[in-house]
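All heavy atoms count here, side chains included; hydrogens, waters and symmetry mates do not.
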Amino acid sequence: MSRRVVRRIVRIDESKCDGCGLCVSACPEGALKIVNGKARLVNEALCDGLGACIRECPRGAIVFEEREAEPFELGGEREGLVERAHEQLVTARLNWPIKLELINPRSPAISGKQLIIVADCVPFVYSTFKRDYSGGFVASGCPIFGDNSLYRDKIAGMLKRNEVPSLKVVRMEVPCCSRLTSIVAEALRLSGKRINLEENVIGIDGAFMSKQILEVS
């Protein structure tokens, strides 16, 4: 059974719903269906919490709520689009998307490469980032503004579903950014994989400060 997380998800007031189905067609994930003449959230894991259905509902029957739910998974039309995009990316040897929120852990582009988790600020500050970290599969996130649980689950999923020879986290020297290393270490534990975790720290002046191998047990 999937671990439940607190996140934003839609709630439908069936007393207002007239079953027009506009919300269903607006949901590329396939999370909604018309059941007995009313819109229903039939798979909460497929609800991305972005609210495209809310904008389409003419009766104001759909609202956001924040509650425990299954972690979001890509589904429906969007999953197909992402899978096709990843196939093209593998052929082109490109690394996209970069943001952890958007990466499909099952992407074949990940397998066989070093997985590099980088704090959002690093590429803007460290001038030789592209040169020094090319060749790996790069994913970025911010431990302050991003969803830490989602990051952990995404990274654990990438490690579980792919042959990843090594793992690296690249973060800024500021204390709040050290949280990114903790998230990656926790994901490595959850994955059950035994691979090296290397931490690189970049100074706020753009200088490379330190490198260390961390023991994760």
Do you know which two heavy atoms are closest between [X] and [Y], and how far apart they sit?
| X | Y | answer |
| --- | --- | --- |
| Arg131 | Ser134 | O-OG, 3.5 Å |
| Pro105 | Gly157 | CB-C, 3.7 Å |
| Gly112 | Pro165 | C-CD, 3.9 Å |
| Val42 | Gly30 | CG2-O, 4.2 Å |
| Cys47 | Ala31 | N-CB, 3.8 Å |
| Ala26 | Ala52 | O-CB, 3.6 Å |

Could you check if a side-chain atom of [X] sits within less than 4.5 angstrom of a side-chain atom of [Y], using non-hydrogen atoms only?
| X | Y | result |
| --- | --- | --- |
| Ser178 | Arg171 | yes |
| Asp13 | Val63 | no |
| Asp147 | Glu101 | no |
| Cys23 | Ile62 | yes |

Whether over 12 other heavy atoms sit under 6.0 Å from [X] [atom1]:
| X | atom1 | result |
| --- | --- | --- |
| Lys33 | NZ | no |
| Glu163 | CD | no |
| Lys211 | NZ | no |
| Glu215 | CD | no |

Atom pair [atom1] ([X]) and [atom2] ([Y]), whose distance is rounded to the nearest 0.5 Å:
| X | Y | atom1 | atom2 | answer |
| --- | --- | --- | --- | --- |
| Leu167 | Leu197 | CG | CG | 5.0 Å |
| Leu22 | Cys57 | CG | SG | 8.0 Å |
| Tyr151 | Lys99 | OH | NZ | 4.5 Å |
| Ile117 | Leu100 | CD1 | CG | 5.0 Å |
| Ser210 | Gln212 | OG | CD | 6.0 Å |
| Arg189 | Leu159 | CZ | CG | 12.5 Å |

Evaluate Ser191 against Lys160 for side chain to side chain contact (heavy atoms under 4.5 Å, CB included), listing each step before the verdict.
CA-CA 5 Å; Ser191 75; Lys160 279 182 179 178; 4.0 Å; yes

Measure from the side-chain N and O atoms of [X] to the backbone N and O of [Y], and report whether any donor-acceptor pair falls under 3.5 Å.
| X | Y | result |
| --- | --- | --- |
| Ser107 | Asn104 | no |
| Lys168 | Glu199 | no |
| Arg59 | Lys16 | yes |
| Asn162 | Val164 | no |
| Arg7 | Glu70 | yes |
| Asn148 | Pro143 | yes |

Is any side-chain N of the basic residue among [X] and [Y] closer than 4.0 Å to the acidic one's carboxylate O?
| X | Y | result |
| --- | --- | --- |
| Arg67 | Glu44 | yes |
| Glu66 | Arg8 | no |
| Glu14 | Lys38 | no |

If Ile, Leu, Val, Met, Phe, Trp and Tyr residues are connected whenever their side-chain heavy atoms lie under 4.5 Å apart, and connections chain through other members, are [X] and [Y] in the same group?
| X | Y | answer |
| --- | --- | --- |
| Phe64 | Ile9 | yes |
| Val169 | Ile98 | no |
| Leu32 | Ile34 | yes |
| Ile12 | Leu46 | no |
| Leu50 | Val24 | no |

Applying side chain to side chain contact (heavy atoms under 4.5 Å, CB included) to Leu115 and Met158, what does each step give before you reach the verdict?
CA-CA 9 Å; Leu115 180 57; Met158 286 191 279; 4.2 Å; yes

Test side chain to side chain contact (heavy atoms under 4.5 Å, CB included) applied to Glu198 and Leu214, step by step:
CA-CA 6 Å; Glu198 179 181 314; Leu214 304 175; over 6 Å; no

Connecting only ILVMFWY residues whose side-chain heavy atoms lie within less than 4.5 Å of each other, what is the rest of Tyr126's hydrophobic cluster?
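Other cluster members: Ile116, Val118, Val122, Val125, Phe129, Tyr133, Val138, Val170, Met172, Val174, Ile202, Ile204, Phe208.
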
Say whether Asn196 and Ser166, considering side chains only, have a donor N or O and an acceptor N or O under 3.5 Å apart.
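Checked: Asn196/Ser166 side chains show no N/O donor-acceptor pair below 3.5 Å.
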
